[in-house]
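Notes follow the structure.
Since we're looking at a predicted model, the values are computed, not measured. The first residue in the sequence is number 1, and the count goes up from there. Side chains included, hydrogens not; waters and symmetry mates left out as well; all remaining heavy atoms used.
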Amino acid sequence: MSVFVAIADPVRRGILRILVDGPQRVVDIQRLLAARHPISRPAVSRHLRVLAEAGLVEAATTGRERHYRLDPTPLLEVRKLLSDLGSGDAADASRVPIAESALDALNTEVYRTRRERRRAASPDRSSRHTAEPDVTSHQIQESG
């Protein structure tokens, strides 16, 4: 499993934050997550399995307990991607971040285009009103 898929879920990111402080049991992870994410122990175990498949956690059995610990090595791939995308430092002027106002304008344009396409696909509303001829004030004066 990809490290990116594994860290995409907010619950799994919460588990990683917990494991930064040291190894934990499933029951302890579940208790620490409960404040932000009400979750059952089996659900925590499933999330830990995904994290283990990505190589982000390792389990060690001590007696009847399994202690999970963080292995940050796969996160180097994430760091590399972020580095490749640009740090946003002034030294890297070739990679200018997109201004939020530009994204707002893009969002407005997308909604405008959707609205125009809906109008083009639906019957013209003005055609309902053109069944009766328009009478102008000039025509009224001539007939009167």
Do any N or O atoms from the side chain of Ser45 and from the backbone of Arg41 form a donor-acceptor pair under 3.5 angstrom?
-> yes

Just list the side-chain donor-acceptor pairs under 3.5 Å for residues 12-27, sequence neighbours left out, or say none.
residue : atom : partner : partner atom : Å
Arg12   : NE   : Ala6    : O            : 2.7
Arg12   : NH1  : His47   : ND1          : 3.2
Arg12   : NH2  : Val5    : O            : 3.4
Arg13   : NH1  : Ile7    : O            : 2.9
Arg13   : NH1  : Ala8    : O            : 2.8
Arg25   : NE   : Asp28   : OD2          : 2.9
Arg25   : NH1  : Glu65   : OE2          : 3.1
Arg25   : NH2  : Asp28   : OD1          : 3.0
Arg25   : NH2  : Asp28   : OD2          : 3.4

Evaluate side chain to side chain contact (heavy atoms under 4.5 Å, CB included) for Leu48 paired with Ile29, printing each intermediate quantity in order.
-> CA-CA 10 Å; Leu48 285 166; Ile29 294 169; 4.0 Å; yes

Greater than 12 external heavy atoms within 6.0 Å of Arg112's CZ = yes

Distance from Leu33 atom CG to Ser40 atom OG, nearest 0.5 Å?
-> 11.0 Å

Are the side chains of Tyr68 and Leu51 in touch, meaning some heavy atoms are under 4.5 Å apart?
-> no

Val57 and Asp71, any side-chain heavy atoms less than 4.5 Å apart | no

Roughly how far, to the nearest 0.5 Å, is CZ of Arg31 from CD1 of Ile39?
-> 14.5 Å

For Arg66 and Ala59, the nearest pair of non-hydrogen atoms, with its separation, is NH2-CB, 2.8 Å

Same cluster for Val78 and Leu85 if Ile/Leu/Val/Met/Phe/Trp/Tyr side chains link at under 4.5 Å?
-> yes

Compare every heavy atom of Pro74 with every heavy atom of Gly55, then report the nearest pair and how far apart it is.
-> O-CG, 3.2 Å

Do His37 and Pro10 have side chains that get closer than 4.5 Å, going by heavy atoms?
-> yes

